[in-house]
Amino acid sequence: KVPARLIHLCYNGIDTSVFRADAAPRPADLSSAKSVIGVVCALRPEKGLSTLVDAFAAIAPSHPGLKLAIVGSGPCADELQHQARALNIFDSCVFVPKTTDVVPWLRAIDIFVLPSLSEALSNSLMEAMACGCCAVASRVGGNPELVGDSERGLLFESRNATELAAILSTLLASPERRARLAEAGTRFIRDGFSLAASVTRMQAVYESFVPLSHEVR
């Protein structure tokens, strides 16, 4: 029963002076890759990463030099590596434990995939978009709001590896479209989700209560 006028939406802010697109050599483990599909996140069940591994396995034979980078640690790490071995794609995968310096890995990823089964407003997705990745995400939580299907990336139904594989194939075949979506995503995050934008929004919320507090008294 809170009045609508007292409800305000304040987005997370990320440091866009750190998370920004920048040309740089790929980490050694990815230096030979022609293209890189990847994700940086905690390896937990709700992230739906088995869908990404299945989709990658479906397209890898048709794309020599393609690599899958999974950066993070968590309870699903061993299971995901076992899945990659069972699908005969382990040699095309790079598993990197959790690191405090994710920026070099994000800049090395051409297509960032967040296949979550549930999600809030993902900092990982925002950071990837800020770093120039083309974003692909499941249609859950705040992902559609960030990606804007066909505006700043592409969306797919969670758990649908076939749909994800088709999207990845389309993007790999169209570098121009991939670059256009990535640039739009980077601009969107820089303009609306920087620390400065977050502070400005929070300041506006606080200032809006100043006259209200006077009325109450």
Side-chain angles (χ1 to χ4, degrees), residues 20-41 47-71 80 83-84 86-96 104-116 119 122 124-140 143-189:
R20 57 185 174 82
D22 193 12
R26 284 179 169 141
D29 289 344
L30 296 174
S31 61
S32 63
K34 183 176 179 180
S35 300
V36 178
I37 294 169
V39 62
V40 178
C41 68
K47 295 301 180 180
L49 295 170
S50 62
T51 301
L52 172 56
V53 175
D54 281 339
F56 182 85
I59 65 172
S62 303
H63 297 86
L66 183 64
K67 291 280 190 180
L68 174 62
I70 297 180
V71 181
L80 291 168
Q83 181 184 2
L87 292 170
N88 296 315
I89 58 168
F90 188 80
D91 290 344
S92 297
C93 298
V94 175
F95 289 91
V96 182
W105 295 99
L106 289 173
R107 289 176 179 164
I109 293 172
D110 299 298
I111 304 171
F112 183 95
V113 181
L114 189 66
S116 305
E119 195 61 71
S122 170
S124 294
L125 184 55
M126 288 193 289
E127 290 166 359
M129 293 169 70
C131 284
C133 301
C134 179
V136 176
S138 54
R139 195 177 278 105
V140 300
N143 293 349
E145 189 171 0
L146 289 174
V147 171
D149 199 15
S150 297
E151 297 177 15
R152 300 175 291 276
L154 296 174
L155 296 169
F156 66 98
E157 292 302 319
S158 63
R159 303 181 191 271
N160 193 330
T162 301
E163 184 182 9
L164 175 56
I167 287 173
L168 295 176
S169 291
T170 297
L171 290 174
L172 289 169
S174 181
E176 297 82 7
R177 185 185 187 192
R178 197 169 72 221
R180 185 170 65 253
L181 291 170
E183 289 170 6
T186 299
R187 185 168 55 251
F188 179 73
I189 297 299

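- At least one side-chain heavy atom of Asp149 sits less than 4.5 Å from a side-chain heavy atom of Arg139.
- Counting only heavy atoms from C-beta outward, the side chains of Leu52 and Ile37 approach each other to under 4.5 Å.
- The pair Asp29-Lys67 fails the salt-bridge criterion, with no side-chain N (NZ, NE, NH1 or NH2) lying under 4.0 Å from an Asp/Glu carboxylate O.
- At a threshold of 4.5 Å between non-hydrogen side-chain atoms, the residues His63 and Ser169 count as touching.
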Side chain to side chain contact (heavy atoms under 4.5 Å, CB included) assessment of Glu119 paired with Leu114: CA-CA 10 Å; Glu119 195 61 71; Leu114 189 66; 3.7 Å; yes
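- Interatomic distance, CG of Leu125 versus OG of Ser116, reported as 8.5 Å (0.5 Å rounding).
- Side-chain contact between Cys131 and Phe112 is absent, with no heavy-atom pair separated by less than 4.5 Å.
- Counting heavy atoms from C-beta on, the side chains of Arg107 and Arg20 come closer than 4.5 Å.
- To the nearest 0.5 Å, the span separating CD on Glu183 from CZ on Arg187 amounts to 7.5 Å.
- Put simply, the side chain of Arg26 gets close to the backbone of Ala108: a donor and an acceptor are under 3.5 Å apart.
- Counting heavy atoms from C-beta on, the side chains of Ser150 and Arg177 come closer than 4.5 Å.
- In this structure, the separation between CD on Glu157 and CG on Leu164 is 12.0 Å, given to the nearest 0.5 Å.
- Between Cys93 and Leu80 the shortest side-chain heavy-atom distance does not fall below 4.5 Å.
- Checking side-chain atoms of Asp110 against main-chain N and O of Ser35 turns up no donor-acceptor pair under 3.5 Å.
- The closest side-chain heavy-atom distance from Ile111 to Leu172 is below 4.5 Å.
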